[in-house]
Amino acid sequence: MRLKKLTFKGGVHPPEYKELAEDKAIEVMPAPEFVVIPIQQHIGAPAEPVVAVGDEVKIGDVICQAKGFVSVPSHATVSGTVKAIEPRPHPVGGNVLSIIIENDGKDEWSPDVAFDEKYAELDADEMKKRILNAGLAGMGGATFPSHVKLSPPADKPIDTFILNGAECEPYLTADHRMMLEKTRDILEGVKIIMKILNCKNGYIAIENNKPDAVRAMRQAVKEMKMDVEVVSLPVKYPQGAEKQLIKAITNRNVPAGGLPMDVGCLVHNVGTAKAIYDAVSSKKPLIERVVTVTGQGIKEPKNVLVRIGTPFEKVIEFCGGVTENTIKIVNGGPMMGIAQFSMEVPVIKGTSGILALTDKETGMRDPDPCIRCARCVDVCPMNLLPNEMARQIEYNNFDEAHQLGVLDCIECGSCSFICPSRIRHVHLFKYAKMEVTKKLKARA
Amino acid sequence: MKEIFKLGGILLLVTALASGALSMVNKITKPKIEEQKRLVVERALIAALPTADPKAIEKVIENDEILYYIGYTTQEKTDIAGYAFVAKKAGYSSVIETMVGVDTTGKIIGIKVMEEKETPGLGTKIEEIKYGESAPWFQLQFINRYAGELAVDKDNGPIRSITGATISSRAVTNSIKEGLEQLEKRLGGFKKQANPTQTEQVS
Amino acid sequence: MENRLVVSASPHIAHKDSVKKIMFGVVISLLPAAVGGVYFFGAKAAWVIVLAILSAVITEALIEKLTKKPITIADGSAIVTGILLAFNVPPEVPWWIPVIGSAFAIAIGKVPFGGLGYNPMNPALLGRAFLLASWPSHMTIFKTAPKDGSLSGINLAAIKSYGLDAITSATPLNVFKTQRGILFEWHDVLKSGMENPALQAKADLANNAISQLSDSYANLFWGRVGGCVGETSVFLLLIGALYLIYKRYIGLRIPLTYIGTVAVLTWLFAGTEGLFSGDPLFHVLSGGLILGAFFMATDMVTSPVTPKGRIWFGVGCGVITVIIRLVGGYPEGVSYSILLMNLTVPLLDRYTKPKTFGKVEQK
Amino acid sequence: MDLNHLFVITISAIFINNFVLNRFLGICPYIGVSKNMDSAVGMGMAVVFVMTLASMVTWLIYDFMLKPTTSNIFYIIFSAKEPPDLTYLKTIAFILVIASLVQFVEMVVQKVSPTLYKSLGIYLPLITTNCAILGVAFLNLDENFNFIESIVNGFAAGVGFTLALVLMAGIRERLELAPIPKPLRGVPIAFLMAGLMAIAFLGFSGLKL
Amino acid sequence: MSMMSEFSKGFYKENPVFKLVLGLCPTLAVSNSVQNAIGMGVAATFVLIMSNVIVSLIRKGVPKKIRIPIYIVVIATFVTIVDLVMAGFAPALHKSLGIFVPLIVVNCIILGRAEAFAGKNPVFYSFLDGLGMGLGFTFALTIISIVRELLGNGSLWGVPLMPPSFEPVLLLILPPGAFLTLGLFLGFFNWLDAKRDA
């Protein structure tokens, strides 16, 4: 038993709304008539298209190749014909060059994909190669290329691996369902990761609002005789943010501007672990993912297994469509997700949820002046002064904002959520980060 | 180097000229200023010792310090009209100096505040003369009282303190009381009261 | 369908509190004490409260109308200012005192600085300090004894049996201050070896009065003492404070450090028999400390935002309050201590900025 | 020397009769240099330093050169019949002494510590016209302070000035980020703020030490 | 350059207090009564005129490097004269103005005018400039003191003017009142200017 409370400083308790979809078993959505696959679905250099219009592709064929170390390839997620390669709206913003494939309905797989009995005996390099080739990028939303995370420099050995099943974002239940339904696959993934890293301590972190997932995991761990600890964490947002999770579980402080590996830790999301298992055991590329389609605007909230590249419209249609008073479509969770201009945008590797929010849920109204209630200061998990930074940014004092640490902001949205004046801190901070980086670059 | 001496010389010359001019002005104004200072004390003495001949007031000096004044009824200086002294005590924001005159029995016959820089509108009311009156009402309260009676109302005495300026009122009252007690010691006691009044004992 | 989609930065959900809710929450929390004030001091207390609120609201609306700015009275902050101002004036003041006080609070203390959220000092306390400086006679004289009690909070029976009536026509802290002064004077006389029977009698009385003050805890707690309209009943104020704490509209850092500092310092220095002879409970219960600590020092706009800053703020308020109570020109020091500490808020915020998460190891 | 008395002088000069908020001395730099915290601190330190020095020097000048006593230098040098009363020259003497003192300090600081000069230097020339410096010299005379008391009073007055200045700077940095009505922006709001500060400082008046 | 404008600019356009924001210490300190304000105004005007005239007279003979110390000596001389004369002939006023009489020396208006105007212009213009600025200063002091004395003490020039039921706003003659009144006046003139320009 641990005596210290497993938590971090700050954080908020937004209403969870998990009940909308947490009991809905994962449903497989049929492949759509066409998919839109942007060449950039991860952090890092965009991939390079290797197909041309008119090419025939099978499921799992590489359609764009990684360019550089911090980059991952993408694969065809349906079998059919490449119809167009043109800029299309992207859920993270703007128009991005995308490959549009028309589904021929045959669902033919690339011949490479096959189960490998002896995958567990592969060496770490081979495993990493398979992970890279499968186009894996963090599926929690940050979409950082997975093979990069698994290749720490020699001087920073990883001794602790944490499987992130916190799923602290309200509404989202995709990871929850995966842990219930794909428990063993996930744990196989954990085994692979721990083998690659050669690390001893393993934790599976789950917020205690998912007792069934905790139970299932503990059971499976016991059955599989694994030496990892399943940790039940108090519910608090942003528990799932890497640095906060590491603090809560290991009480280590990731230095500002640093990475988890600086304190010997690595965190992967449950979805990624499952995908790693698929990639290593079957060379199966990342062509589909579980998405929670929810919100009071969705008629039948569901957890759906969706092909990457499926337009939001189609997924929402599969869930019964939206209600009249829907005013916001969000890619991701309500705290950090991105609001969409249109429903044409496709599901990408990082799409953990599609939310349709009604006017009532969003509680939108014009901002009032800051009354310095300091709730944002109390909740900021990074110990910043959001109110001061916001006021400086409103007056374009970016140097002061920089001094106050705006670059350390993790954009978790706790400050904006709690603010009684509805000041749009995150919006201001994103803007200030851009300006500050611009200035720093100009100075360098 | 040469330039520095030249400039310094000019500056010295200008300063010397200025000093010369000032010394002339000073010669003219100095007697006037001293006269003014003397007048302040003189006026206070007249107010404090109304029964004395203004020209027959003597200082009693010890070690360069004026202990008290003796006022005679006539210039022949035969009958003592009373004694006067300066009472001092820190008030709210300044030291309040009051000239106090008593007759030979120790009864206060006149007082005048000479110096105070109390809060305008509050402490300064120790000098306030109300419309239609000729003397400050606060100071009038002291006339005909003996040392034993001197205390402000907040201390259960008969002196009505100024609203919002108890500290100033108390400073004046207590300074007079202490001064009187000291004077009594120096004189070796006052004459017996002609008409002794019972000191009010509120407790 | 599509053109109805709203695009804004994350997060897409928000806590249900709003500035208006918080302000009206504060108003609700002040209601018990307001009702108590009217119960103890009668209808004139109600008048003071109503006039102060009306004046605050009308002043704000009028200035905004004249300067063609959006009218902001609906946010409720002017109402809070009005009530707090009313709570800080004696019940028997002339009608224009709360009116001018509120008007000053809003027109000088708040609007020129940019309105709600930008005023550097607590407007209600500024209004009170303005009134106190301008019309001290109205603001320092208390005539109305509370229902079933005495001005000084000393039990009526004790007043009779000790013959205290002459010295208890003042609020508890006033009695404390003057009688303590007499005791010190008496100690000096004792030391010098002189005899002064008159002073001795006074000192005996003072001793009685101070010991009776200490026995008046219950009266102080329930509010059976004289004082300003809303500051007397510790009980009713605490009900309101609990509501605010429950609603998380105020934190505990400021009130607890404030009250704690006052308790420790008065225990140390407020006695008449040397160090550690003071009566901390009496000082905590009297002089509007509870009102100040829970409702005015915690004013969000004018207190620090950092956790450490709040602790220093509370300590600073406590220190200044005790200094003013023991050696200052006023019997109580809550208002001025908060105003003075308001001035230090930018500095406190600046020098108590929490370390960014992860910057702990770096030196 | 009565330490208690010096304590009273200190508290009085800092809080009760704060130079800026109660005696109206040094208003120009108070309004002019309070826009930014760093310069406020620099100015404050410079003022404390010069005020202490000025109190010391002017006291010496007054007591040994101007005052008609037997220790008057001119009386001794010229063995005059009577000590000369040169007190009427005090204004001219003080201002010249302070002006040269500031020049001198500036030179010394520049030679001795370039870093200190960087942070203090730009404020030194401004100090000559700071009436608080000359004011403290006259106040020392008014209050009949002796040498030690004058120095303490000069130092404390400087600290009081710095306190008011630094508090003001903190608040003004914040006021820069507030929607203050246009006609009040800048100096007018600084004066309103000073007025409110002075109201708060009334809390110290009547302190009995 | 018209003589009239040299004289009149001090009143409004370049009013030392309201527009140039100079000479604030005495403005705040002595504006608690009209008597004090006018006394200070007259004293400062006298020093201004005299120092302007003398500086203008000697401007060609003064070496550039030491002009400031010389100006200061000139100003200090006249300040001392005012101080002595006032002590001798108006002791009450002298007492209530206190150290602000000798502090006229460091009043930035005076050194400012000597440096900016009298050091560069002929005598008569300097005289007019000094007179105008001095009167402008007096004017500013006077209107501030009218507000403060009338509301803060219920009187003007010491004569009670308000009905007996009026209870004066004491704060106005206390230090905070000085700051607040001046702040509001400055704001008022800014507003007036903005309105005129619009």
Side-chain angles (χ1 to χ4, degrees), chain A residues 8-9 12 14-15 170 243 247 253-258 322 326-330 334-343 355 357 361-365 368-374 377-378 381-385 387-388 404-405 408 411 413-414 416-422 424 426-427 430, chain C residues 1-23 25 70 72 74-75 77 114-120 248-251 253-254 298-310 345-346 349-350 352-362:
Chain A
F8 57 97
K9 184 256 154 198
V12 291
K243 292 179 179 183
K247 171 79 186 168
N253 294 308
V254 180
V322 293
T326 299
I327 60 161
K328 244 186 193 180
I329 300 291
V330 176
M335 296 297 287
M336 292 185 72
I338 296 163
Q340 301 300 317
F341 281 102
S342 104
M343 293 207 265
L355 304 183
L357 299 175
E361 284 170 285
T362 52
M364 297 241 307
R365 52 184 169 76
D368 289 323
C370 168
I371 56 167
R372 295 171 42 83
C373 68
V377 179
D378 293 338
M382 295 306 288
N383 255 342
L384 301 170
L385 300 178
N387 66 322
E388 297 277 322
L404 286 164
D408 294 317
E411 299 173 23
S414 298
S416 310
F417 167 78
I418 204 77
C419 181
S421 299
R422 294 287 193 282
R424 293 176 184 136
V426 178
H427 172 76
K430 281 180 174 168
Chain C
M1 177 67 230
E2 306 227 323
N3 25 11
R4 285 197 321 161
L5 287 186
V6 176
V7 178
S8 65
S10 59
H12 308 289
I13 50 174
H15 197 268
K16 57 189 184 314
D17 272 348
S18 64
V19 172
K20 205 169 159 178
K21 263 193 185 164
I22 293 178
M23 289 302 163
T72 56
D75 64 27
S77 61
L116 176 64
Y118 298 97
N119 48 302
R248 290 174 180 252
Y249 292 160
I250 61 172
R253 284 194 183 88
I254 293 173
T298 53
D299 171 25
M300 296 162 175
V301 180
T302 56
S303 60
V305 295
T306 64
K308 263 193 211 158
R310 293 174 169 208
V345 166
D349 273 349
R350 177 186 264 249
T352 60
K353 184 180 159 335
K355 277 193 190 115
T356 305
F357 177 72
K359 289 231 163 119
V360 189
E361 298 100 57
Q362 295 174 355

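So that the names make sense, note that chain A is the first sequence line, chain B the second, and so on, each numbered from 1. Every value quoted in this text rests on a predicted model; they were computed, and no experiment measured them.
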- In terms of heavy-atom proximity below 4.5 Å to chain C, should A:Ile418 be classed as side chain, backbone, both, or neither? both
- Query: Side chain, backbone, both or neither: which part of A:Leu404 has an atom under 4.5 Å from a heavy atom of chain C?
  - Reply: both
- Message: For a quick test of reading the model, state the closest non-hydrogen atom pair linking C:Thr356 to A:Asp408 and the distance between them.
- Response: CG2-OD2, 3.5 Å
- Evaluate the side-chain proximity of A:Phe417 to C:Ile13: yes if any heavy-atom separation is below 4.5 Å, no if none is. yes
- Note on the structure: Scored by heavy-atom pairs under 4.5 Å with chain C, the best of A:Asp368, A:Leu385, A:Leu384, A:Val12 is A:Leu385
- Do any N or O atoms from the side chain of C:His12 and from the backbone of A:Gly337 form a donor-acceptor pair under 3.5 angstrom? yes
- Are any of the side-chain heavy atoms of C:Lys355 and A:Asn253 separated by less than 4.5 Å? no
- Would you mind telling me which of A:Gly405, A:Gly257, A:Ser416 has the largest number of heavy-atom pairs within less than 4.5 Å of chain C? A:Ser416
- Message: Below 4.5 Å, heavy-atom pairs only: which of A:Gly413, A:Pro334, A:Pro14 has the largest tally toward chain C?
- Response: A:Pro334
- Message: Looking at chain A, which one of C:Lys20, C:Lys16, C:Arg310, C:His15 has the largest number of heavy-atom pairs inside 4.5 Å, strictly under?
- Response: C:His15
- Which bit of A:Glu388 is near chain C, if near means a heavy-atom gap under 4.5 Å: side chain, backbone, both or neither? side chain
- Tell me, out of C:Ser8, C:Gly117, C:Ala14, C:Ala9, who's got the most heavy-atom pairs with chain A below 4.5 Å. C:Ala14
- Mind ranking A:Arg365, A:Met382, A:Glu361 by heavy-atom pairs under 4.5 Å with chain C and telling me who comes out on top? A:Met382
- Could you tell me whether a side-chain N or O of A:Arg372 sits under 3.5 Å from a main-chain N or O of C:Ser303, the two making a donor and an acceptor? yes
- Any idea which of A:Pro369, A:Pro15, A:Gly258, A:Gly363 has the most non-hydrogen atom pairs under 4.5 angstrom with chain C? A:Pro369
- Query: With only heavy atoms counted, which part of A:Lys9 is less than 4.5 Å from chain C, the side chain, the backbone, both or neither?
  - Reply: neither
- Item | Residue selection (most heavy-atom pairs with chain C, distance under 4.5 Å) from A:Arg422, A:Lys430, A:Lys243, A:Met364 | A:Arg422
- Item | Rounded distance (nearest 0.5 Å) linking atom SG of A:Cys373 with atom CG of C:Asp299 | 11.5 Å
- Query: Is A:Asp378 paired with C:Arg248 through a side-chain N to carboxylate O contact shorter than 4.0 Å?
  - Reply: no
- Contact class of A:Cys370 relative to chain C, heavy atoms under 4.5 angstrom: backbone
- Task: Answer with side chain, backbone, both or neither: which region of C:Ile22 has an atom nearer than 4.5 Å to a non-hydrogen atom of chain A?
- Result: side chain
- Query: Where is the tightest heavy-atom contact between C:Ser10 and A:Val426, given as atom of each residue plus distance?
  - Reply: O-CB, 3.4 Å
- Query: Measuring heavy-atom distances to chain C, does A:Pro381 have an atom under 4.5 Å in its side chain, in its backbone, in both, or in neither?
  - Reply: backbone
- Task: Determine the minimum heavy-atom distance between C:Leu5 and A:Phe341, stating which atoms define it.
- Result: CD1-O, 3.5 Å
